[in-house]
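Remarks on the structure that follows.
Hydrogens, waters and symmetry mates play no part in the numbers below; they use all other heavy atoms, side chains included. Treat the numbers as computed from the prediction; the structure is a model and nothing was measured. Convention: sequence-line order gives letters A, B, ...; per-chain numbering from 1.
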Protein chains: 2
Amino acid sequence: MKKRVTIQDLAKELNTTPSTVSRALRDLPGISEAMKEAVRELAKKYDYQPNAIASGLRSGKSNTLGVIVPRVNRDFFSSVISGIEDVVFEAGYNVIICQTHDRLEKEQQYINTLLNGRVDGILVSLGLETREHCHFEKVVEAGISLIFFDRVCEEMDVTKIMIDDFDGSFKAVSHLVKMGYNRIAHFGGPDFLNVYRNRKDGYIRALEKSNLKIDERIIIQNDLTVEAGKRDAERLMKMDNPPDAIFSASDYSALGALLYLKEKTYEIPDQIGVVGFSNEKFTSLIDPGLTSVDQHSDELGKYCAELFLEEVNRGAGNFVPRKIILNPKLLIRRSSQRKVKI
Amino acid sequence: MKKRVTIQDLAKELNTTPSTVSRALRDLPGISEAMKEAVRELAKKYDYQPNAIASGLRSGKSNTLGVIVPRVNRDFFSSVISGIEDVVFEAGYNVIICQTHDRLEKEQQYINTLLNGRVDGILVSLGLETREHCHFEKVVEAGISLIFFDRVCEEMDVTKIMIDDFDGSFKAVSHLVKMGYNRIAHFGGPDFLNVYRNRKDGYIRALEKSNLKIDERIIIQNDLTVEAGKRDAERLMKMDNPPDAIFSASDYSALGALLYLKEKTYEIPDQIGVVGFSNEKFTSLIDPGLTSVDQHSDELGKYCAELFLEEVNRGAGNFVPRKIILNPKLLIRRSSQRKVKI
DNA sequence: ATGAAAGCGCTAACAT
DNA sequence: ATGTTAGCGCTTTCAT
């Protein structure tokens with residue numbers, strides 16, 4: 001194992017001092033070109049690797065960013081992380097990932113280790129268990145930039161970025177109406193989560209605007225899995241007055257419905273239309289393609305990263321916390337494009 | 001912004017010295033229980049957060065691990081990362097993620113920043129462009145534990161962990177043969193990557209073992225995308241003597257084939273069987289379900305993390321580099337289960 | 001059982 | 001344009 005060469009070693013060999021070498025390496029003014037050149041050359045010769053830890057200790061900056069999510073292996077989160085990483089890498093930051101598995105305790109532990117590691121910022125998407133936020137208060141008190149994305153903590157006065165779930169639903173359902181469907185069912189999630197509440201509200205508002213009747217019997221709350229989708233699609237289709245379209249708050253239960261309907265040889269989209277939410281990768285891969293609401297996960301990550309960079313560059317306190325709401329995009333695929341219109 | 005309390009502050013308030021406090025906090029022997037208790041209490045009172053950077057500088061350990069992958073938002077890699085993160089978190093390590101987008105230059109840059117950051121280990125899955133490895137030599141020279149997973153660098157004498165691609169292919173093709181298919185085509189990737197070479201070899205060996213003819217015309221190398229799968233499935237089916245099954249080294253090109261075949265109303269699996277590789281999430285969601293080879297991504301990540309922990313605990317040099325090959329599992333779904341056997 | 005002192009490698013304030 | 005000095009917060013000898 002080679003001994004690592006330090007700034008002092010370089011200084012000694014050049015008969016100068018560590019500070020000069022340090023300044024030369026960072027190309028600061030007040031050092032002659034000749035010296036800078038000599039330093040750079042020697043650094044290269046010895047393959048000098050600056051010690052980021054030492055530099056971090058001295059400067060109080062670790063050039064590191066923590067990202068806390070429920071799980072990294074989900075299309076949405078991994079895309080957000082990918083977007084974040086791409087942006088901050090260019091600015092010289094490293095990304096530490098933390099997955100909470102939706103557990104409050106892990107969320108708290110991660111906050112502590114990130115604080116101990118003196119990260120320059122923390123980006124968080126909340127876990128399902130999180131109802132309190134004193135662990136996040138500590139981040140703010142430490143003067144570290146804190147940003148929430150997607151699953152945000154409404155009570156905290158920090159920057160948040162999310163998509164407009166209401167608008168996504170509204171667009172999806174309006175599209176179905178335009179395609180001539182007029183008895184549209186809804187699969188939703190638990191009402192205590194704002195995402196699902198907003199998606200349901202968007203659905204209702206779109207129906208109201210089109211003067212369509214809201215029928216509670218075809219508004220179904222389930223756990224949004226493929227199986228739930230199958231089961232509830234069956235339930236719907238066996239009603240006296242079955243729907244002619246299903247709008248699901250999740251691609252997975254939409255898929256379940258789609259699979260059930262295909263099995264029963266319903267014509268999709270002509271007999272019945274299906275729309276999902278999230279634009280999971282598989283939606284474009286199945287047959288027929290599933291119309292879905294895209295959450296711009298990659299852009300969300302990039303935007304989030306840019307907000308972080310802006311905050312650190314301005315310094316804590318010189319930045320007005322903001323709430324940013326991205327408009328989702330409806331991706332119209334075959335599952336909802338009925339040829340026979342009204 | 002609150003001033004951070006240091007070990008010195010605690011020492012002063014207790015009329016003792018930093019070293020005593022440090023030892024007490026780490027529960028080292030040679031400190032009275034009374035003192036330890038007092039220190040812990042005060043630390044709690046002030047919510048003392050140890051400065052990991054300072055500790056890292058002094059001890060030469062950052063308790064951080066770098067993971068370099070081509071892309072984080074792919075089912076396989078994100079699952080591996082998830083597995084790694086779960087294991088090392090328990091051991092007190094942070095995970096820095098790095099995505100190369102298959103670019104050699106980024107791979108080299110990441111190696112440098114990780115070395116600068118004095119990480120305790122680096123886990124890598126190679127990018128497509130990587131043909132040289134001097135950037136990895138630097139890691140070994142620095143005495144930092146280096147482990148390759150999945151896409152490994154054969155030339156380097158370090159620990160590698162991968163799945164047995166040959167075996168996966170062999171199982172997949174043997175299964176097709178057992179199902180009565182006897183003219184099996186193959187979609188493969190670039191030969192210079194161990195994974196694709198091995199998958200092709202396994203395919204050939206399985207055919208040989210069943211005394212089936214190897215026909216170079218139905219062994220196709222493409223870029224393994226959905227589009228390539230569609231295009232090449234079309235090409236195959238338009239041959240004078242088309243195959244009755246397709247084994248693809250990637251789920252994506254298998255899907256492309258499947259979509260093309262369905263469009264042309266071929267009966268799957270009765271007329272033609274399709275098998276993919278990787279067990280991407282969508283394979284179980286489409287219709288018919290796509291038979292695929294599961295790579296145990298989560299376990300691979302966990303195993304990888306355990307190897308890393310073992311290496312750091314033993315210290316560089318006290319560890320024999322090894323090659324670990326996990327047996328993949330064939331997940332048989334409908335796309336290959338022909339009812340009419342030989 | 002505790003303290004004193006040195007230093008990890010770098011940066012920044014203050015000289016010259 | 002360069003050098004001197006001090007110190008970031010912790011850990012680790014070596015004393016006592």
Side-chain angles (χ1 to χ4, degrees), chain A residues 2-40 42-43 46-64 92 113 115-120 142-143, chain B residues 2-40 42-43 46-64 92 113 115-120 142-143:
Chain A
K2 272 200 297 200
K3 204 205 151 298
R4 268 162 178 154
V5 37
T6 73
I7 231 171
Q8 327 236 19
D9 302 328
L10 299 183
K12 207 172 291 166
E13 182 144 344
L14 289 168
N15 287 316
T16 179
T17 60
S19 39
T20 302
V21 173
S22 171
R23 284 185 275 234
L25 286 171
R26 285 174 298 154
D27 202 26
L28 296 184
I31 301 290
S32 67
E33 250 328 302
M35 179 57 98
K36 281 184 183 173
E37 199 39 61
V39 169
R40 278 194 284 254
L42 199 69
Y46 287 140
D47 192 26
Y48 164 75
Q49 301 275 3
N51 185 327
I53 306 225
S55 150
L57 177 59
R58 182 62 241 241
S59 63
K61 259 194 121 275
S62 62
N63 283 296
T64 297
T113 41
L115 287 178
N116 294 350
R118 302 302 191 259
V119 296
D120 299 310
Chain B
K2 270 202 296 203
K3 205 206 153 297
R4 269 161 177 152
V5 40
T6 73
I7 230 170
Q8 327 237 19
D9 301 328
L10 300 183
K12 206 172 292 164
E13 181 142 346
L14 289 168
N15 286 317
T16 179
T17 61
S19 37
T20 302
V21 174
S22 172
R23 284 186 275 238
L25 285 171
R26 283 173 300 153
D27 203 23
L28 294 185
I31 300 290
S32 67
E33 249 327 303
M35 179 57 97
K36 281 184 182 174
E37 200 37 64
V39 168
R40 278 193 285 256
L42 199 68
Y46 287 141
D47 191 27
Y48 165 74
Q49 302 275 1
N51 185 329
I53 306 226
S55 147
L57 176 60
R58 183 63 240 248
S59 64
K61 258 193 122 278
S62 63
N63 283 298
T64 296
T113 38
L115 287 178
N116 294 352
R118 301 302 189 260
V119 295
D120 299 309

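- Note on the helix from C:dA1-D:dT16 to C:dT16-D:dA1: angle between the axes of the first and last five pairs equals 30°, rounded to 10 degrees.
- Between the CZ atom in A:Arg118 and the CG atom in A:Leu57 there is a gap of 10.0 Å [rounded to 0.5 Å].
- Under the 4.5 Å side-chain criterion, counting only non-hydrogen atoms from C-beta, A:Leu42 is not in contact with A:Tyr48.
- Of the residues in residues 48-60 of chain A, those lying under 4.0 Å from DNA chain D by heavy-atom distance are A:Leu57, A:Arg58.
- When side chains are defined from C-beta on, B:Pro50 does not count as touching B:Leu25, because their heavy atoms never get closer than 4.5 Å.
- Contacts between chain B and DNA chain D, taken as any atom within less than 4.0 angstrom of a protein heavy atom, begin and end at D:dG9 to D:dT13.
- Atoms CD1 and OG1, from B:Ile53 and A:Thr64 in turn, are 7.0 Å apart once rounded to the nearest 0.5 Å.
- Put simply, the side chain of B:Ser22 never gets that close to the backbone of B:Pro18: no donor and acceptor are under 3.5 Å apart.
- Not counting sequence neighbours, the partners of A:Lys61 by the salt bridge (charged side-chain N to carboxylate O under 4.0 Å, His left out) test are A:Asp120.
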### Message
Please evaluate residues A:Glu13 and A:Asp9 with respect to the criterion side chain to side chain contact (heavy atoms under 4.5 Å, CB included), reporting the C-alpha separation (whole Å), side-chain torsions for both, the decisive distance (0.1 Å), and the verdict.
### Response
CA-CA 6 Å; A:Glu13 182 144 344; A:Asp9 302 328; over 6 Å; no

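- Distance alone, capped at 3.5 Å, places no donor-acceptor pair between the B:Thr16 side chain and the B:Leu14 backbone.
- Boundaries of the chain B contact region on DNA chain C are C:dA1 to C:dG9, first to last in 5' to 3' order (nucleotide atom under 4.0 Å from a heavy atom).
- The heavy-atom pair separating A:Arg40 from A:Glu33 by the smallest distance is NH2-OE1, 3.4 Å.
- Using a 4.0 Å cut-off on heavy atoms, the residues of residues 21-32 of chain A that approach DNA chain C are A:Ser22, A:Arg23, A:Arg26, listed by number.
- We find the NZ-OG1 distance between A:Lys12 and A:Thr17 to be 13.0 Å, quoted to the nearest 0.5 Å.
- Within the nucleic acid shown, B:Asn15 comes within 4.0 Å of sugar-phosphate atoms alone, with no base atom in reach, counting heavy atoms only.
- Residue A:Asn63 comes nearest to A:Gly92 through the heavy atom pair CB-O, 3.7 Å, listed as atom of the first residue, atom of the second, then distance.
- Side-chain atoms of B:Lys36 never come within 3.5 Å of backbone atoms of B:Arg23 as a donor-acceptor pair (strictly under, hydrogens ignored).
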